[in-house]
Enquirer: 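Handing you this structure, nothing more for now.
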Amino acid sequence: METIKILLTEEEVNKKIKELGEQINKDYAGKSVHLICVLKGASFFTCELAKRIELPVSLDFMSVSSYGDATESSGVVKIVKDLDEPLEGKEVIIVEDIIDTGRTLSYLMEILRKRNPNSLTVCTLLDKPERRLVDVDVRYTGFNIPDEFVVGYGIDYAQKYRNLPYIGIVEL
């Protein structure tokens, strides 16, 4: 049985999401934003972020799987659930739970740019910059974290622990 060591408390996570929402409010003042939640992991973060954005917000959901061998993502993205709405002319923010190598996100951004949004940016709750293999432009980052296996706030380990209200490190 694994144990979970708290890395970021619920209070720290909530404070950071509030700050991210305030920054998005400033950056997009007078505009509407279209959030794309990358399922399943970003669902908790996307909902909390949307509540803190005081601009008109629309939401859509995308599910992608990156496949390759069991331990490393190939960066080739299979779209499991595509968007319901077109992106043309919209201010689009891709909302991620965690960015690791950057391969999947880079590929996803390439796909979405072809749909002609007015702008396309990324907001992530967690980032592991030391794992980056592909450079991706992340405009909004909640926390840079060490290269540890984390869970909570939507992030799972074998479909468990998504519902934790904090970010924890899995100790096997």
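Note that this is a predicted model, so its numbers are computed, not measured. Start at 1 with the first residue, then count along the sequence.
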Enquirer: Decide, yes or no, whether a salt bridge links K15 with E12 under the criterion of side-chain N to carboxylate O below 4.0 Å.
Expert: no
Enquirer: Is the side chain of D156 donor-acceptor paired with the backbone N or O of R162 at a distance under 3.5 Å, no angle test?
Expert: no
Enquirer: Could you check whether atom CG of D135 has more than 12 heavy atoms from other residues, nucleotides or ligands sitting under 6.0 Å from it?
Expert: no
Enquirer: Which residue, V64, D137, V38, I99, forms the side chain to side chain contact (heavy atoms under 4.5 Å, CB included) with L105?
Expert: I99
Enquirer: When you look at NZ of K18, are more than 12 heavy atoms from neighbouring residues, nucleotides or ligands closer to it than 6.0 Å?
Expert: no
Enquirer: Return the NZ to OH distance between K16 and Y140, rounded to the nearest 0.5 Å.
Expert: 13.5 Å
Enquirer: Step by step, work out the side chain to side chain contact (heavy atoms under 4.5 Å, CB included) result for Y28 and T121.
Expert: CA-CA 12 Å; Y28 291 91; T121 59; 3.1 Å; yes
Enquirer: Are L83 and L59 connected in a single hydrophobic cluster, I mean Ile/Leu/Val/Met/Phe/Trp/Tyr linked by side-chain heavy atoms less than 4.5 Å apart?
Expert: no
Enquirer: Shortest non-hydrogen contact from I93 to V122?
Expert: CG2-C, 4.4 Å
Enquirer: Taking all atoms of both residues into account, what is the closest heavy-atom pair of F44 and G154, and its distance?
Expert: CD1-CA, 3.4 Å
Enquirer: Taking C-beta and beyond as the side chain, do V150 and F143 meet within less than 4.5 Å on heavy atoms?
Expert: no
Enquirer: Only one of D100, D127, T101 forms a side chain to side chain donor-acceptor pair (under 3.5 Å) with R132, so which one is it?
Expert: D127
Enquirer: Can V13 be reached from I98 by stepping across I, L, V, M, F, W or Y side chains whose heavy atoms are under 4.5 Å apart?
Expert: yes
Enquirer: Quick one, D60 and K81 - any side-chain contact, counting heavy atoms below 4.5 Å?
Expert: yes
Enquirer: Please walk me through it: do L7 and E148 pass side chain to side chain contact (heavy atoms under 4.5 Å, CB included)?
Expert: CA-CA 10 Å; L7 175 65; E148 299 278 0; 5.9 Å; no
Enquirer: Under 4.5 Å between side-chain heavy atoms, hopping through other hydrophobics if needed: is there a path connecting L39 to L112?
Expert: no
Enquirer: Test of understanding: with side-chain hydrogen bond (donor to acceptor under 3.5 Å, both in side chains), list the residues that count as partners of S58, not counting sequence neighbours.
Expert: H34
Enquirer: Does any part of the side chain of L108, heavy atoms only, come nearer than 4.5 Å to the side chain of M62, both counted from C-beta?
Expert: yes
Enquirer: Can you tell me how far apart CD (E110) and CG (L120) are? Round to the nearest 0.5 Å.
Expert: 11.5 Å
Enquirer: In Å and rounded to the nearest 0.5 Å, what is the CD to CG distance from E130 to D147?
Expert: 5.0 Å
Enquirer: Counting N and O atoms only, with roles assigned by atom type, does the side chain of T124 sit under 3.5 Å from a partner on the main chain of L126, one being a donor and the other an acceptor?
Expert: yes
Enquirer: Nearest 0.5 Å, what's the CD-CG distance between E91 and N118?
Expert: 4.0 Å
Enquirer: Identify all side-chain donor-acceptor contacts of residues 163-172 below 3.5 Å with residues at least two apart in sequence or on another chain.
Expert:
residue : atom : partner : partner atom : Å
E171    : OE1  : T3      : OG1          : 3.4

Enquirer: According to salt bridge (Lys or Arg N to Asp or Glu O under 4.0 Å), does anything in residues 26-45 pair up with another residue at least two apart or in another chain? List the pairs.
Expert: D27-R139
Enquirer: Looking at residues at least two apart in the chain, or sitting in another chain, which of them share a side-chain hydrogen bond (donor to acceptor under 3.5 Å, both in side chains) with K90?
Expert: E85
Enquirer: Grab the two heavy atoms, one from V136 and one from G102, that are nearest each other, plus how far apart they are.
Expert: CG1-O, 3.6 Å
Enquirer: Between the main-chain N or O of E88 and the side-chain N or O of R115, is there a donor-acceptor pair closer than 3.5 Å?
Expert: no
Enquirer: Honestly curious: do I79 and I36 fall in one hydrophobic cluster under the side-chain, below-4.5 Å linking rule?
Expert: yes
Enquirer: How would you list, by chain and number, every residue that makes a side-chain hydrogen bond (donor to acceptor under 3.5 Å, both in side chains) with N25, sequence neighbours excluded?
Expert: none
Enquirer: Is it true that K160 and E2 have a side-chain N and a carboxylate O under 4.0 angstrom from each other?
Expert: yes
Enquirer: Show me, pair by pair, the donor-acceptor contacts under 3.5 angstrom made by side chains of residues 46-56, not counting sequence neighbours?
Expert:
residue : atom : partner : partner atom : Å
T46     : OG1  : A42     : O            : 2.7
E48     : OE1  : K51     : NZ           : 3.4
E48     : OE1  : R52     : NH1          : 2.9
E48     : OE2  : K51     : NZ           : 3.1
R52     : NH1  : E48     : O            : 2.8

Enquirer: List the atom of L20, the atom of C123, and the distance in Å for their closest heavy-atom pair.
Expert: CD1-SG, 4.2 Å
Enquirer: Is there a chain of hydrophobic side chains (I, L, V, M, F, W, Y, each step under 4.5 Å between heavy atoms) that links Y107 to V92?
Expert: yes
Enquirer: From K78 NZ over to T104 OG1, what is the distance, rounded to the nearest 0.5 angstrom?
Expert: 14.0 Å
Enquirer: How far apart are the closest heavy atoms of L125 and F45, and which atoms are they?
Expert: N-CE2, 3.3 Å
